[in-house]
Number of protein chains: 2
Amino acid sequence: MSLRIALLGLLSAVGPASGYDLAKTFDQSLNHVWQAGHTQIYPELVKMTADGLVEVESEGARGRKIYRITPDGRRELGGWMEEHDAAMTVRSEVALQAFLLHLVDRDQAVAVLERIRARYVARLEKLESLRPGEFGHHAHTLGLAMARTGLQWADDTLADLRRPVT
Amino acid sequence: MSLRIALLGLLSAVGPASGYDLAKTFDQSLNHVWQAGHTQIYPELVKMTADGLVEVESEGARGRKIYRITPDGRRELGGWMEEHDAAMTVRSEVALQAFLLHLVDRDQAVAVLERIRARYVARLEKLESLRPGEFGHHAHTLGLAMARTGLQWADDTLADLRRPVT
DNA sequence: CAGAGCATGTAACATGTTACATGATTGG
DNA sequence: CCAATCATGTAACATGTTACATGCTCTG
């Protein structure tokens with residue numbers, strides 16, 4: 001479901017686009033929120049066409065197909081925003097490593113945390129380099145806040161681990 | 001992979017346990033980090049037994065099977081902690097709704113945010129009511145920090161939306 | 001003895017990932 | 001003409017969810 005919604009959102013925000021375009025835009029704008037590769041996107045667009053949520057506006061060079069959101073698609077998107085209680089499920093490998101941290105010795109724990117820290121720094125840099133327009137602004141703010149929190153947590157936990165005696 | 005690791009981690013931390021126990025412990029301790037129901041856990045334990053990572057220690061009443069982590073299992077767990085670069089992939093419906101927020105009108109956006117806010121409050125309450133021992137302490141801290149950040153973000157964004165003219 | 005909780009599982013389906021495959025067009 | 005990028009797809013596999021199915025045991 002969420003993949004559909006994400007695609008409908010993109011089509012609604014940036015106008016008609018091909019699967020290829022969507023895959024790229026996905027990667028550049030939505031990627032800290034949801035991810036999907038072209039192998040997932042192409043078949044989904046076909047299904048969405050069958051369900052009347054999008055339609056092929058035109059076919060260009062190299063078999064390029066431009067999809068456009070339909071009124072039904074907009075309704076689907078609006079309904080989802082209005083009714084869907086967003087799942088709070090988290091599946092975070094970082095958090096899983098955090099969970100298991102006390103099972104390894106201190107040096108190893110420090111090494112694990114330093115790697116996690118580095119990824120938060122990288123994520124933060126990537127997010128800070130993005131200039132989302134109005135579109136995606138709120139998700140960008142959330143992503144930044146989350147990345148900063150993760151970095152802060154890594155630093156605090158590292159400091160805690162390094163404190164000689166507990 | 002991560003499901004395996006989570007199960008190995010639990011077995012390593014709390015000692016031998018049945019699939020049923022693991023499913024419950026999973027739900028109570030790991031649930032803000034990773035989730036899995038019994039329908040996923042039972043078959044996985046069978047596969048892990050075949051791979052020599054766990055073994056059936058004893059069979060009790062009602063077909064209850066107690067699994068124990070093997071030396072190979074410990075090695076697997078340690079290796080994963082040492083070598084695995086935790087994926088930073090996020091698939092968050094909350095963030096997706098945040099992303100799409102500007103596509104709906106202001107009243108609807110406020111309603112969406114209020115629902116999100118309520119879920120963060122609930123999550124926070126649940127986390128605050130947990131008293132993780134040493135085990136899971138770091139993940140608990142991270143979960144709390146993330147939930148607080150989410151709540152703060154929801155409040156800030158609500159305040160922003162309610163500000164009359166932008 | 002009824003209902004709650006213990007305890008295990010299967011099957012169908014939905015979603016997501018990796019690897020493979022094909023061919024067109026454009027810029028250097 | 002060669003390499004990069006455009007552009008679309010399939011197939012196999014891994015993972016995760018929902019619904020269904022079965023039977024035991026303890027407490028009131």
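As a basis for the values below, the full set of heavy atoms in this structure was taken, side chains included, without hydrogen atoms, waters or symmetry mates. The chains referred to below are lettered A, B, ... by the order of the sequence lines, with proteins before strands, and numbering in each begins at 1. Computed from a prediction, not measured in an experiment: that's the story for all the values here.
Between the side chains of Ser18(B) and Asp21(B), at least one donor-acceptor pair of N or O atoms lies under 3.5 Å.
Side-chain proximity of Asp21(B) to dG16(C), dC6(D), dA7(C): nearest is dA7(C). Nearest nucleotide to the Tyr42(A) side chain, out of dC6(C), dT17(D), dT8(D): dT8(D). Side-chain proximity of Arg64(A) to the nucleotides dA7(D), dT17(C), dT8(C) is greatest for dA7(D).
Considering all non-hydrogen atoms of both residues, Val94(B) and Leu142(A) come closest at CG1-CD2, 4.4 Å.
Gly19(B) comes within 4.0 angstrom of the backbone, heavy atoms only, and of no base. Among the atoms of the strands shown, only primed sugar atoms or phosphate atoms (P, OP1, OP2) are found under 4.0 Å from some heavy atom of Lys24(B).
Here Lys47(B) does not reach the OP1 or OP2 of dA14(D): none of its side-chain N or O atoms lies under 4.0 Å away. Residue Tyr20(A) has a polar side-chain atom (N or O) positioned under 4.0 Å from OP1 or OP2 of dC6(D).
Panel note: side chain Arg117(A), backbone Asp155(A); no donor-acceptor pair is recorded below 3.5 Å.
Using the six-membered ring where Trp is involved, His84(B) and Trp80(B) have ring planes that are parallel, under 30° apart on the 30 and 60° scheme.
If you measure from atom NE2 of His38(B) to atom C1' of dC20(D), you get 10 Å, rounded to the nearest angstrom.
Comparing Leu3(A) and Gly63(B) by the nucleotide of DNA chain C whose heavy atom lies nearest to each, the residue mapping closer to the 5' end is Gly63(B). Comparing Arg91(A) and Pro43(A), the nucleotide of DNA chain D nearest to each residue sits closer to the 5' end for Pro43(A).
For Thr39(A) and dT18(C), a side-chain-to-base donor-acceptor distance below 3.5 Å is present, hydrogens and geometry of angles not being considered.
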